[in-house]
Amino acid sequence: MTRLIRTIPARPITRRRFLSTTAAVGAAAAGASAGLMPGRARAERKRGGNFRMAKGHGQTTDTLNPGTYENGFMTALAHGTHGFLTAVGTDGSLEPDVAESWEASADAKSWRFKIRSDVEFHSGRSVTAEDVIASIRFHMGDDSTSAAKPLLDAITDISADGDTVIFDLVDGNADFPFTFTDYHLTICPSSDGAIDWRSGDGCGPYRLVDFKPGVSATFARHENDWNSNRGFFDTVEMLSVIDLNARTTSLISGDVHSIDKLDLKTVGLMARNPGINIHSVSGNQHYTFAMSANKAPFTDPNVRLAMKHAINREELVEKILFGYGTVGNDVPIGRGQRFFNDEMPQTAYDPDKAKFYLKEAGLDSLDVELAASDAAFPGAVDAAVLFQNSASAAGINLDVARVPNDGYWSDVWMQHPFSAVYWSGRVVEDAMFTTAYSSGAAWNDTFWDNARFNELLVAARAELDEAKRREMYFEMQLILNQDGGAIIPMFANYVFATGPDVVPSEEFGSNWDVDGERWMERWSFA
């Protein structure tokens with residue numbers, strides 16, 4: 001029996017619900033996704049077997065340095081092999097991981113995280129507060145190039161009090177514990193304040209056996225894992241299969257048990273196969289076209305507005321996502337997030353308005369190149385061609401540069417002034433804005449710098465009054481909509497597939513692709 005699972009976004013996290021998790025929290029509750037089809041009994045989990053996953057991610061330039069993780073292959077590797085202070089549950093709530101509990105001062109400027117006593121690295125040594133401190137400090141400092149560095153800039157001091165790690169901040173941060181769910185912030189073994197990331201030693205449910213960048217990674221269950229309710233497979237093989245046809249064929253032929261980034265044009269056909277289950281999860285994943293605001297012609301905000309009005313968003317959702325998503329409005333905040341600006345007018349496809357903004361920039365027409373590859377997102381090249389067609393009516397001559405898949409994230413992204421990009425989003429607004437839109441952030445892929453936005457970002461992070469915070473985030477989204485360098489035409493569901501013997505989660509995490517990229521620890525065979 002085939003099932004097509006459709007899901008709703010994770011429930012918005014209110015301050016009251018968030019603060020209720022600052023004590024020790026149990027396992028994730030039900031929430032983010034629809035369950036099994038009515039009348040179908042859930043197969044019982046068992047331990048054992050070798051699970052094979054084909055990912056539409058990975059490149060030869062990938063490394064085990066956690067500060068460099070930048071694609072779904074490495075995100076899944078991180079969650080399989082490493083522990084984190086905190087984790088995101090399937091319902092979007094905060095869960096304990098290496099930290100069993102946490103608490104804040106009244107002004108949220110100081111946070112205390114109690115480290116579990118039974119967490120062990122794969123090499124056999126117990127995890128200590130010193131390992132946690134070194135692992136977080138690895139991403140901090142003036143010399144850090146980690147993508148997570150902006151998330152930690154507000155930390156003024158980290159110290160240990162026995163088995164408790166204390167973080168002191170410049171200002172209050174109501175969402176601070178969510179910071180440590182970022183997939184770069186792995187807990188690694190340390191010596192004399194320096195972490196060992198090269199060995200791949202971690203404290204997650206699986207130990208890394210072999211890693212071939214851009215090709216594969218193999219894992220074996222960590223027998224001494226502190227959590228007995230995860231890590232059901234004996235071994236896992238994760239393959240980097242960028243080619244969509246090869247990835248799809250590998251599932252149909254039974255060579256792998258699951259694939260991600262499905263060809264949405266053929267999802268309906270695949271769903272007819274009784275041995276394949278299709279899953280669709282809505283979340284914060286969005287596809288973008290990033291304009292470098294520090295390079296001509298995108299230095300002019302009028303040009304950026306012209307480009308935003310020259311794209312037919314509804315057409316992209318229909319022809320690229322085939323309905324598995326929604327129209328975007330040039331902000332990276334999903335409709336299910338608590339501070340989504342539902343009062344902001346939708347930017348519409350309007351060639352005349354695009355022409356108006358070109359004239360405001362002193363232009364009658366515009367010639368610009370857009371770099372795209374399906375490594376950016378499935379159908380990225382086709383989306384660029386559709387953009388080319390819609391933009392022509394506004395006097396914008398878009399030249400689509402079809403670039404290779406391999407090396408896309410190192411050679412094209414943030415190198416070419418206009419390129420296709422996918423973002424998985426972040427579970428809280430501050431993390432998304434800080435990672436990709438704050439001035440000077442390593443992953444600010446539009447090189448955009450807006451003084452008012454940066455001012456609000458700092459103020460909203462420290463504001464504990466929910467209503468005032470909401471106003472700030474609403475204004476920030478308006479600024480991005482009108483001035484930002486990212487065209488965000490669509491939010492895409494996570495659509496992935498599993499074979500007949502796989503028992504996935506009853507509910508899927510929606511913070512990353514494929515069950516929050518925690519499939520390795522959550523799934524099993526029937």
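We're numbering straight along the sequence, starting at 1.
- To the nearest 0.5 angstrom, M270 atom CE is 4.0 Å from I276 atom CD1.
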| message | Under the criterion side-chain contact (heavy atoms from CB on, under 4.5 Å), I'd like the reasoning laid out for F289 against L370: C-alpha separation, chi angles, the key distance, then a yes or no. | response | CA-CA 8 Å; F289 295 108; L370 171 59; 3.8 Å; yes
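- Atom CZ of R221 sits in a crowded spot, with more than 12 heavy atoms from other residues, nucleotides or ligands closer than 6.0 Å.
- The side-chain hydrogen bond (donor to acceptor under 3.5 Å, both in side chains) with D225 is formed by just one residue from the set H122, R207, R230; it is R230.
- For the residue pair E70 / Q59, a side-chain donor-acceptor distance below 3.5 Å is found, with atom types taken as modelled.
- Rounding to the nearest 0.5 Å gives a distance of 6.5 Å between CG of D445 and OG of S419.
- F491 and H286 have tilted rings, their planes meeting at an angle from 30° to 60° on a 0 to 90° scale.
- The main-chain N or O of C188 is never found under 3.5 Å from a side-chain atom of T186 such that the two would form a donor-acceptor pair.
- Not counting sequence neighbours, the partners of D430 by the side chain to side chain donor-acceptor pair (under 3.5 Å) test are T434, R461.
- Side chain of N493 to main chain of V495: no donor-acceptor pair is present (N/O by atom type, distance under 3.5 Å, no hydrogens or angles).
- If you check the side chains of W413 and Q415, you find no donor sitting under 3.5 Å from an acceptor.
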| Full working for salt bridge (Lys or Arg N to Asp or Glu O under 4.0 Å) between R522 and E507 | CA-CA 10 Å; R522 291 173 174 168; E507 295 81 24; over 6 Å; no
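- With no hydrogens or angles considered, a side-chain donor-acceptor pair links E237 and N50 at under 3.5 Å.
- Between K55 and E517, at least one side-chain nitrogen of the basic residue sits less than 4.0 Å from a carboxylate oxygen of the acidic one, meeting the salt-bridge criterion.
- Between the side chains of S373 and N405, at least one donor N or O sits under 3.5 Å from an acceptor N or O.
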For residues 239-248, run the donor-acceptor check on the side chains, cut-off 3.5 Å, and write out each pair with its distance to 0.1 Å, sequence neighbours left out.
{"from": "S240", "atom 1": "OG", "to": "H57", "atom 2": "O", "distance (Å)": "2.6"}
{"from": "D243", "atom 1": "OD2", "to": "N245", "atom 2": "N", "distance (Å)": "3.2"}
{"from": "D243", "atom 1": "OD2", "to": "A246", "atom 2": "N", "distance (Å)": "2.8"}
{"from": "R247", "atom 1": "NE", "to": "D260", "atom 2": "O", "distance (Å)": "3.0"}
{"from": "R247", "atom 1": "NH1", "to": "V241", "atom 2": "O", "distance (Å)": "2.7"}
{"from": "R247", "atom 1": "NH1", "to": "I242", "atom 2": "O", "distance (Å)": "3.0"}
{"from": "R247", "atom 1": "NH2", "to": "K261", "atom 2": "O", "distance (Å)": "2.7"}
{"from": "T248", "atom 1": "OG1", "to": "L244", "atom 2": "O", "distance (Å)": "2.9"}

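- Scanning for side chain to side chain donor-acceptor pair (under 3.5 Å) contacts around N511 gives an empty result, with sequence neighbours left out.
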| said: What verdict does the salt bridge (Lys or Arg N to Asp or Glu O under 4.0 Å) test give for R338 and D175, after you've listed the backbone C-alpha separation in whole Å, the side-chain angles of each residue and the deciding distance to 0.1 Å? | reply: CA-CA 12 Å; R338 56 183 163 163; D175 291 333; 2.5 Å; yes
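- Considering CD1 of I311 and CG of L386, their distance stands at 9.0 Å, rounded to 0.5 Å.
- A donor-acceptor pair is defined here as one N or O able to donate and one able to accept, closer than 3.5 Å; such a pair exists between the side chain of D374 and the backbone of A380.
- Using cut-offs of 30° and 60° on the angle between ring planes, the pair F433 and Y437 is perpendicular.
- Ring centroid separation for the pair Y206 and H222 does not come in under the 6.0 Å cut-off.
- Every ring-ring contact (aromatic ring centres under 6.0 Å, His included) that H257 has, sequence neighbours left out, goes to F51, F525.
- Side chain of N329 to backbone of T347: a donor-acceptor contact under 3.5 angstrom is found.
- In terms of modelled atom types and a separation under 3.5 Å, the side chain of R335 and the main chain of T326 share no donor-acceptor contact.
- Centroid-to-centroid, the aromatic rings of F496 and F508 come within less than 6.0 Å.
- Counting only N and O atoms by type, the side chains of D255 and S253 include a donor and acceptor under 3.5 Å apart.
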| query | Should W512 and Y183 be marked as a ring pair (Phe, Tyr, Trp, His ring centres under 6.0 Å) after you check the CA-CA gap, both sets of side-chain angles, and the distance that decides it? | reply | CA-CA 10 Å; W512 306 114; Y183 58 86; 5.0 Å; yes
| request: Tell me, with the steps shown, if Y69 and F73 meet ring pair (Phe, Tyr, Trp, His ring centres under 6.0 Å). | output: CA-CA 9 Å; Y69 296 167; F73 189 97; over 10 Å; no
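- The pair K265-D263 meets the salt-bridge criterion, since a charged nitrogen lies less than 4.0 angstrom from a carboxylate oxygen.
- Electrostatic pairing of R426 and D182 counts as a salt bridge here, judged by a charged N lying under 4.0 Å from a carboxylate O.
- Electrostatic pairing of D62 and K212 does not count as a salt bridge here, judged by no charged N lying under 4.0 Å from a carboxylate O.
- Checked by atom type and distance alone, the side chain of T86 pairs as donor or acceptor with a backbone atom of P177 at under 3.5 Å.
- The CZ atom of F180 sits 7.0 Å away from atom CG of L185, with the distance rounded to the nearest 0.5 Å.
- Although no hydrogens or angles enter the test, the distance criterion places a donor-acceptor pair under 3.5 Å between the side chain of Q285 and the main chain of A492.
- Under the ring-ring contact (aromatic ring centres under 6.0 Å, His included) criterion, F84 pairs with H79, not counting sequence neighbours.
- Ring centers of F377 and W423: at least 6.0 Å apart, outside the cut-off.
- For the residue pair N65 / T68, no side-chain donor-acceptor distance below 3.5 Å is found, with atom types taken as modelled.
- Every residue was checked against the ring-ring contact (aromatic ring centres under 6.0 Å, His included) condition with F121, not counting sequence neighbours, and none meets it.
- Residues R47 and D234 are not paired through a salt bridge, judged by the lack of any N-O separation under 4.0 Å between the basic side chain and the carboxylate.
- Separating the CD atom in E315 from the CG atom in N389 is a distance of 7.5 Å, to the nearest 0.5 Å.
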| query | Do Y473 and F340 pass the ring pair (Phe, Tyr, Trp, His ring centres under 6.0 Å) test, and can you show the C-alpha distance, the side-chain angles, and the key distance before you say yes or no? | reply | CA-CA 8 Å; Y473 281 122; F340 172 74; over 10 Å; no
